[in-house]
Amino acid sequence: MAEDAINFVEANKDHFDKTAAQYDEYPHVLERARRTAIRIREAYDFEEDITTVLEYACGTGLVSRELAPYTKRIVGVDISQGMVDQFNTRVRNQGIPPEEMQAFCVELKGEAGELGDEKFDAIVCASAYHHFPDIDAVTGVLVHFLKPGGVLLVVDLAKHTGERAHDGHEHGHLIPDQYHHIVPHRDGISEQDIRKAFESAGLNSFSFSDSLVAKDDVRLFLAKGRKPHA
C-alpha cells in the first residue's frame, strides 16, 4: 500500500490504545514532557486564575499535568480512548475535579457544537504534529477553538537537511522504519512548513525556535502563532 493511502488515523488509534497503559513508564517520555512544558511556559504567559487551555493529542496528559498548576482549566483531546482513559484516571487519582482538568476522546472537525463550543486562551500540541498527514488542515481545526487573541503553541520534531539529517538516524529519518504506518513526517517538520500551516489558518505573530533538545540529541521546535482579534 502506498504511504499516502495508509489510514494514519486508525493506525494511530490502534497503536496508542495498545501502548497507553505503559506510556508513562518510559523515562525519556517523561523527560521530554517536562522539558516541553518548561518551554511552553517560557513562550506563553499563563495565569492560573484566568488561562484556559486545550491540549490537542493530549495522550496520557503528561504535558497537561505539568501545565495544570499554572492554568484555570485544561481540556485534553485525543483520538485514542486508551490514552484518554489514562489521562482521566490520573486526574481522578490526584483529586482534581473534572471542571478543572478532563480529557475527551474525539476527532475534532472544527464544527459548531464540538466541546460545547468552548474557546480557549491557549492550545498546545506536543510531539504529535509529525503523526498528522495534513498539518495545514489540523491547524485550521485548532484555530476554530481559539479565542480571538488566543495562541497556538506546537512542539515537534525539527526537520534538518544536509549532514545533520543523517547523523545517527536510519536513512536520514528521525523516526525508524517500524513506525512508518503511524508517522507521515518521519524526518520532522520544517520551519517553512509549520509557518505555512499557521499562516494559512489565519494566525499571525508567528515565531519559531528549535532550541529544545530531546533524547539522542533530537532537536524539537516550538512554533507559536496568535489568532487575530475580531
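Along the sequence shown, residues are numbered consecutively beginning with 1.
- Remark: the backbone N or O of Ala37 is not paired with any side-chain donor or acceptor of Glu66 at under 3.5 angstrom.
- For residues 140-157, the pairs satisfying side-chain hydrogen bond (donor to acceptor under 3.5 Å, both in side chains) are Asp121-Lys147, His130-Asp156, with sequence neighbours left out.
- Residues Phe120 and Leu115 approach most closely at CE1-CD1, 4.2 Å, considering heavy atoms.
- Rounded to the nearest 0.5 angstrom, Gln102 CD and Ile96 CD1 are separated by 12.0 Å.
- Put simply, CD1 on Ile123 and OG1 on Thr139 are 10.0 Å apart, with the number rounded to the nearest 0.5 Å.
- Nearest heavy-atom pair, Leu146 versus Val151, reported as atom, atom and distance to 0.1 Å: CD2-O, 3.4 Å.
- You'll find the side chain of Val141 stays beyond 4.5 Å of the side chain of Lys109, heavy atoms only.
- Within 6.0 Å of NZ on Lys119 lie more than 12 heavy atoms contributed by other residues, nucleotides or ligands.
- Checking side-chain atoms of Arg219 against main-chain N and O of Asp210 turns up a donor-acceptor pair under 3.5 Å.
- Side-chain contact between Arg195 and Gln192 is absent, with no heavy atoms from C-beta onward closer than 4.5 Å.
- Note on Phe208 and Ile38: separate hydrophobic clusters, where clusters join Ile, Leu, Val, Met, Phe, Trp and Tyr whose side-chain heavy atoms are under 4.5 Å apart, directly or indirectly.
- How far OG of Ser211 is from CD of Glu42: 8.0 Å, rounded to the nearest 0.5 Å.
- The shortest non-hydrogen separation linking Gly110 to Phe145 is CA-CE1, 3.9 Å.
- Within the 4.5 Å cutoff, side-chain heavy atoms of Arg32 are placed close to those of Leu220.
- If you chain together hydrophobic residues whose side chains sit under 4.5 Å apart, Leu222 and Leu67 fall into the same group.
- Cys105 and Gln81 get closest at one heavy-atom pair: CB-OE1, 3.2 Å.
- Each of Thr60, Asp78, Val91 was scored for a side chain to side chain contact (heavy atoms under 4.5 Å, CB included) with Gln86, with one residue passing: Thr60.
- Ile40 has its side chain within reach of Val155: a pair of non-hydrogen atoms, C-beta onward, lies under 4.5 Å apart.
- Residue pairs meeting the ring-ring contact (aromatic ring centres under 6.0 Å, His included) criterion with at least one member in residues 44-70, sequence neighbours excluded, are Tyr44-Phe46, Tyr56-Phe132.
- From Ser207, atom OG reaches atom CG of Leu153 across 8.0 Å, with rounding to the nearest 0.5 Å.
- For the ring pair (Phe, Tyr, Trp, His ring centres under 6.0 Å) test, residues two or more places apart in sequence or in another chain that qualify with Phe198 are Phe206.
- Between Gln94 and Arg90, the side chains place no donor N or O within less than 3.5 Å of an acceptor N or O (distance only, hydrogens not considered).
- Between Leu203 and Lys227, some side-chain heavy-atom pair lies under the 4.5 Å cut-off.
- A continuous path of hydrophobic side-chain contacts links Val77 to Ile135 [ILVMFWY only; heavy atoms under 4.5 Å].
- Using modelled atom types and a 3.5 Å distance limit, the side chains of Arg39 and Thr36 yield no donor-acceptor pair.
- The structure places CD1 of Ile74 at 10.0 Å from CD of Glu100, a figure rounded to the nearest 0.5 Å.
- Considering CG of Leu157 and NZ of Lys159, their distance stands at 12.0 Å, rounded to 0.5 Å.
- Lys72 places none of its side-chain heavy atoms less than 4.5 Å from the side chain of Thr51.
- Between Ile79 and Val106, the shortest heavy-atom distance links the atoms CG2-O, 3.9 Å.
- A pairwise comparison of heavy atoms in Arg226 and Ser205 identifies CB-CB, 4.3 Å as the closest pair.
- Considering only heavy atoms from C-beta on, Arg65 stays 4.5 Å or farther from Phe87 through its side chain.
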